[in-house]
Protein chains: 2
Amino acid sequence: MSRLDQTREVKTSKGGQTKALILENALEMFRERGYEETTMRAIAERAGVALGNAYYYFRSKEHLIQAFYSRLHEEHLAASRPVLDRERKFKDRLSGVMRALLDVIEPYHQFSAILFKSAADPRSPLNPFSPESEQTRQESIGVFTQLVAGSKIKVPEDLGGELPFLLWLYQMGVILFWIHDASPGRARTRRLVEGSVELVAKLVTLASLPLLRPLRRTTLRLVAGLREEAPGG
Amino acid sequence: MSRLDQTREVKTSKGGQTKALILENALEMFRERGYEETTMRAIAERAGVALGNAYYYFRSKEHLIQAFYSRLHEEHLAASRPVLDRERKFKDRLSGVMRALLDVIEPYHQFSAILFKSAADPRSPLNPFSPESEQTRQESIGVFTQLVAGSKIKVPEDLGGELPFLLWLYQMGVILFWIHDASPGRARTRRLVEGSVELVAKLVTLASLPLLRPLRRTTLRLVAGLREEAPGG
DNA sequence: GTCTATAACCGGATAGAC
DNA sequence: GTCTATCCGGTTATAGAC
């Protein structure tokens with residue numbers, strides 16, 4: 001059995017140490033020089049292992065990203081914790097979680113371009129709709145489940161079920177914008193978040209209006225279909 | 001001056017013929033075997049030219065895609081023409097244009113995954129927000145400008161200016177779904193289009209309600225910012 | 001100045017010895 | 001579990017033909 005199969009390897013075993021060593025060096029180099037500029041040979045060399053050995057632990061260069069991806073999620077969750085514990089207003093919770101996201105991903109801006117490039121490929125294990133991403137995706141959506149559950153906002157029952165998924169989609173959209181945002185400190189994305197959080201909160205409120213009930217139901221039926229129908233959804 | 005600089009090369013000149021020859025063979029092979037599986041060497045061989053020659057006409061393998069991309073747009077425009085000439089109802093026009101899109105891109109489904117993978121990279125010339133894509137993007141949005149202009153729908157003036165762009169964004173979302181859609185004949189995407197066209201039409205109508213005016217203005221201000229702020233937008 | 005052909009280079013990935 | 005040797009394909013350099 002190769003180390004590839006062991007998802008949560010203990011870092012004290014020989015293999016676990018080597019794997020961690022390779023990953024750390026890879027992530028550092030990605031951040032320093034970017035993804036394309038960092039060769040597998042250079043990673044192996046810096047980690048003091050042979051090229052083939054790096055491939056023993058990581059099936060491909062892309063798989064190094066997957067490790068990075070799940071680490072990002074953990075950091076985001078941690079950074080969101082204080083907000084989710086403290087705030088009760090839906091808008092403040094959403095705003096806090098989105099800000100936490102931007103803070104966490106900022107150091108990886110240039111690198112992340114590649115990350116999400118791979119993510120756009122349906123055949124890539126990194127694609128957020130792929131079966132391989134199932135776990136991470138559920139965990140990501142979980143943040144928004146907590147966000148909604150712990151807020152004071154009143155949401156129609158049918159919408160409540162889909163809302164975390166919808167907010168996750170919203171987050172994906174923000175990330176897409178962020179990737180293309182070259183402004184210093186990602187100022188534009190931050191402005192987008194300020195404005196759009198406001199809007200999302202308003203929309204959720206409006207969605208309760210009896211007048212808009214038919215529209216809401218149509219929309220939700222569509223979203224439910226979309227969700228089920230997405231491969232791996 | 002190399003052939004690379006001549007965007008609209010006459011196909012009767014020697015070079016133009018060679019360029020077209022390479023492109024045709026490349027696209028055929030992409031369709032038959034997919035992108036990754038088609039090597040530049042194989043393309044050159046099939047076209048009866050040397051490898052280096054293919055690179056003389058196309059700066060990189062990705063640039064072959066760009067040529068494909070703009071051809072797709074032309075086909076889409078042509079396929080939309082009858083609908084835009086015949087229909088007057090906004091919903092029917094949108095529905096027709098979207099169906100035309102799905103028809104046109106269907107033969108390239110597996111190949112297009114790669115296309116949009118590249119497109120997701122901010123540094124790629126293929127990315128729809130890049131300066132290099134300016135022309136194609138404007139032409140794509142132009143379809144929706146025509147769509148709106150030729151319809152009977154009444155739209156508030158402020159919304160009217162942004163609507164073509166918003167519809168283009170909607171189209172991009174549909175394409176994203178389509179890429180991940182493995183159902184036969186892209187049945188799921190077709191269902192998504194049926195449902196979402198309805199929804200979009202309803203939203204545009206609702207947007208005129210005086211009650212929703214503040215929401216509309218906030219949204220439009222946000223969208224206008226987003227548009228200006230997108231690199232290359 | 002326009003075009004073609006051949007021979008590398010480089011880096012991701014794999015095979016197989018130890 | 002780690003290494004060395006090698007493959008493979010995108011890309012580039014270069015030499016020269018028309």
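Each chain gets a letter, A, B and so on, in the order the sequences are listed, and its residues count up from 1. None of these values were measured; they are calculated from a predicted model.
Taking atom CZ of residue A/R33 and atom P of nucleotide C/dG11, one finds them 11 Å apart after rounding to whole Å. One interatomic measurement links the two molecules: CD1 of B/I22 to C1' of C/dT4, which rounds to 11 Å at whole-angstrom precision. For the pair B/Y57 OH and D/dG10 P, the interatomic distance rounds to 20 Å; values are reported in whole Å. A straight line from CD1 of B/I43 to P of D/dG9 spans 12 Å, rounded to a whole angstrom.
Because its NZ or CZ atom is both nearer than 6.0 Å to the ring centre of B/Y35 and within 45° of the ring axis, B/K61 counts as a cation-pi partner of that residue.
We find that A/E194 and A/R99 are joined by a salt bridge, their nearest charged nitrogen and carboxylate oxygen being less than 4.0 Å apart.
Counting only heavy atoms from C-beta outward, the side chains of A/R81 and A/D85 approach each other to under 4.5 Å.
OP1 or OP2 of C/dC3 has not a single side-chain nitrogen or oxygen of B/T18 nearer than 4.0 Å. Dashed line: the shortest gap from a side-chain N or O of A/N53 to OP1 or OP2 of D/dC3 is under 4.0 Å.
Annotation: side-chain contact (heavy atoms from CB on, under 4.5 Å) contacts of A/T38 (sequence neighbours excluded): A/M29, A/F30, A/R33, A/I43.
For the residue pair B/S60/B/H63, the side-chain donor-acceptor check at 3.5 Å is satisfied. A/R59 and A/Q66 form no side-chain donor-acceptor contact under 3.5 Å, judged by distance and modelled atom types alone. Using modelled atom types, one finds a donor on one side chain and an acceptor on the other under 3.5 Å when comparing A/Y170 with A/S196.
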Detail all sub-3.5 Å separations between protein N/O atoms and N/O atoms belonging to nucleotides 15-18 of chain D.
none

Return the polar atom pairs (N/O with N/O) between nucleotides 12-14 of chain C and the protein under 3.5 Å, or none.
{"from": "C/dG12", "atom 1": "OP1", "to": "A/K61", "atom 2": "NZ", "distance (Å)": "3.0"}
{"from": "C/dG12", "atom 1": "OP2", "to": "A/M40", "atom 2": "N", "distance (Å)": "2.7"}
{"from": "C/dG12", "atom 1": "N7", "to": "A/R41", "atom 2": "NH1", "distance (Å)": "2.5"}
{"from": "C/dG12", "atom 1": "N7", "to": "A/R41", "atom 2": "NH2", "distance (Å)": "3.3"}
{"from": "C/dG12", "atom 1": "O6", "to": "A/R41", "atom 2": "NH2", "distance (Å)": "2.7"}
{"from": "C/dA13", "atom 1": "OP2", "to": "A/Y55", "atom 2": "OH", "distance (Å)": "3.1"}
{"from": "C/dA13", "atom 1": "OP2", "to": "A/K61", "atom 2": "N", "distance (Å)": "3.0"}

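The shortest non-hydrogen separation linking B/L84 to B/L147 is CD2-CA, 3.9 Å.
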